[in-house]
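Report on the following structure.
Note that these values count all heavy atoms, side chains included, but never hydrogens, waters or copies made by symmetry.
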There are 2 protein chains.
Amino acid sequence: MCRMARPRKPLLSRERIVGTASALVDADGLDAVSTRRLAAELGVSGPSLYNHFRNKDEILDAVADAVSAKVDLSMFDESDPRDWRTALHDWAVSYRAALTAHPNVVPVLARGPGRRPAGLKVADAVFGAMVRAGWPAAQATHIGALMRYFITGSALGSFAGGFVDDETAYDPSDYPHLGQAHLLAERQEKIDEGAFETGLRALLDGLAAQYEEGTRAKRAKTPPADGS
Amino acid sequence: MCRMARPRKPLLSRERIVGTASALVDADGLDAVSTRRLAAELGVSGPSLYNHFRNKDEILDAVADAVSAKVDLSMFDESDPRDWRTALHDWAVSYRAALTAHPNVVPVLARGPGRRPAGLKVADAVFGAMVRAGWPAAQATHIGALMRYFITGSALGSFAGGFVDDETAYDPSDYPHLGQAHLLAERQEKIDEGAFETGLRALLDGLAAQYEEGTRAKRAKTPPADGS
DNA sequence: ACCTGAACACCGTTCAAGT
DNA sequence: ACCTGAACACCGTTCAAGT
């Protein structure tokens with residue numbers, strides 16, 4: 001029975017803001033998220049958001065990190081029996097799936113992990129697993145980087161979707177080999193998936209060859225003599 | 001000596017607009033290009049731009065296409081003696097150099113060629129050369145796509161630059177393998193170049209292996225029997 | 001602590017008006 | 001044909017004020 005006003009439950013929380021912002025990005029794209037519209041969606045006025053985030057970029061970072069958090073990393077556990085190549089493959093597939101489920105967020109993610117905790121956890125896990133598998137630290141760093149290049153590139157620049165679904169856009173005298181390019185748009189997902197699989201396999205094949213070279217050199221302790 | 005006003009020389013042209021916009025993007029980033037600021041830089045009022053471009057996106061597309069136009073495609077000429085693997089390698093290096101010279105433009109380019117003529121010329125050249133080298137059309141499409149994934153991904157998400165140059169950002173209990181991560185920022189270019197080279201080599205090694213498989217299968221006309 | 005309205009300095013784009 | 005000022009419907013962010 002006191003007359004002092006108890007603090008009412010806050011209208012907002014970081015979680016609620018991130019959840020609504022994510023839905024907005026997924027539905028209408030990155031540009032659709034203005035602080036004013038997001039606030040309206042949450043039933044508050046624009047400036048209220050600044051009680052929970054320093055600025056709009058921090059909100060989008062949190063949205064992006066929620067996507068990173070969905071990437072499966074269990075294949076990099078020490079207890080997991082998968083070899084590094086299989087682990088890398090399965091991780092890449094899981095990573096790409098997380099990104100293609102939220103394509104509008106990819107431009108934010110592609111900027112790098114920055115200070116985003118889930119993004120850093122991903123980088124940490126793959127680096128640690130590659131070192132444990134026998135890769136030198138410098139190579140392990142390169143692998144983390146180049147896999148990210150390929151995966152985010154594939155999620156961002158949906159190759160086929162980047163073409164226009166309009167036959168007249170590709171004059172044969174200008175582009176002699178693009179006669180079927182307008183068909184790319186409709187077969188988009190299949191082509192992007194095929195290109196991703198082809199590229200991933202090539203990447204892993206090539207890395208396996210480099211790994212073999214490395215272990216052979218280590219076994220020999222000296223550069224191999226010529227002949228058998 | 002006539003009193004009728006001759007049409008004075010127009011203040012603007014598409015070329016002048018694109019040139020100034022490119023300089024603005026390179027110097028201050030994509031967000032620094034507002035129609036009003038661009039117009040001020042050109043000595044005109046904002047709406048004047050709409051006499052030459054339908055909207056701001058068209059201006060940025062033209063800026064991006066100017067970068068694509070700098071990618072060397074001579075290695076794909078029919079008269080060029082380079083084999084497909086060497087051509088693909090040299091093209092990738094030239095492509096990446098064009099992008100890293102204008103990193104702020106990459107997000108626009110990464111969206112795909114769309115209707116941008118220079119972007120389409122690139123896609124046309126690589127596809128045509130791969131088909132001529134003996135790749136099946138579907139595989140040639142995949143190669144164009146996956147190379148673009150890797151190259152734009154590497155130019156966009158400068159891996160090392162994505163980390164923060166701040167030791168305290170990487171708590172060892174959270175990220176046991178990132179103890180040196182704050183050093184990444186300063187060694188950025190070297191790491192990104194190393195990762196690009198490692199990845200490109202792996203990609204080409206892997207593709208060469210798939211190419212071998214393909215030609216072997218073709219020679220045999222039937223799936224190869226076991227044994228030698 | 002958390003939310004508000006008012007305000008500031010911006011946006012992209014349209015359009016009638018000028019030459 | 002090409003440029004202008006005015007206008008419309010927006011932005012992100014700050015800040016004093018309220019509870």
### Task
Taking side-chain contact (heavy atoms from CB on, under 4.5 Å) as the test, write out the residues that go with B/Asp90, two or more places apart.
B/Met75, B/Arg82, B/Thr86
### Query
Can you check the B/Lys9 NZ to D/dC3 C1' distance for me, whole Å?
17 Å
### Query
Can you name the residues that form a side-chain contact (heavy atoms from CB on, under 4.5 Å) with A/Thr20, not counting sequence neighbours?
A/Leu38, A/Glu41, A/Leu42
#### Entry: Euclidean distance for C1', D/dA16 against C/dC2 (whole angstrom)
15 Å
### Summary
So the ring pair (Phe, Tyr, Trp, His ring centres under 6.0 Å) pairs with at least one residue in residues 28-65 of chain B (sequence neighbours excluded) are none
### Query
Looking at residues 48-66 of chain A, who's got a heavy atom less than 4.0 Å off DNA chain D?
A/Tyr50, A/Asn55, A/Lys56
### Query
Quick one: side-chain contact (heavy atoms from CB on, under 4.5 Å) partners of B/Asp124, sequence neighbours excluded?
A/Tyr175, A/Pro176, A/His177, A/Leu178
### Task
Identify, with sequence neighbours excluded, every residue that meets salt bridge (charged side-chain N to carboxylate O under 4.0 Å, His left out) alongside B/Asp166.
A/Arg115
### Task
May I have the distance from A/Leu11 (atom CG) to C/dC2 (atom P), rounded to whole angstrom?
11 Å
### Query
What residues, two or more places apart in sequence or in another chain, satisfy side-chain contact (heavy atoms from CB on, under 4.5 Å) together with B/Ser22?
B/Val18, B/Val63
### Query
Reading DNA chain C 5' to 3', what string of ( ), [ ], | and . shows its pairs, if Watson-Crick and G-U wobble pairs count only when both distances fall under 3.5 Å?
||.|||||...|||||.||
### Task
Please name all residues satisfying ring pair (Phe, Tyr, Trp, His ring centres under 6.0 Å) with B/Phe196, sequence neighbours left out, ordered by chain then number.
B/Phe150
### Contacting residues from residues 22-47 of chain A, given that a heavy atom lies under 4.0 angstrom of DNA chain C
A/Arg36, A/Val44, A/Ser45, A/Pro47
### Message
Donor-acceptor pair, distance only, cut-off 3.5 Å: does the side chain of B/Asp65 make one with the backbone of B/Ala118?
### Response
yes
### Task
Could you name each residue pair satisfying ring pair (Phe, Tyr, Trp, His ring centres under 6.0 Å) that touches residues 59-79 of chain A, not counting sequence neighbours?
A/Phe76-A/Trp91
### Task
For B/Glu167, check salt bridge (charged side-chain N to carboxylate O under 4.0 Å, His left out) against everything at least two apart and list the hits.
none
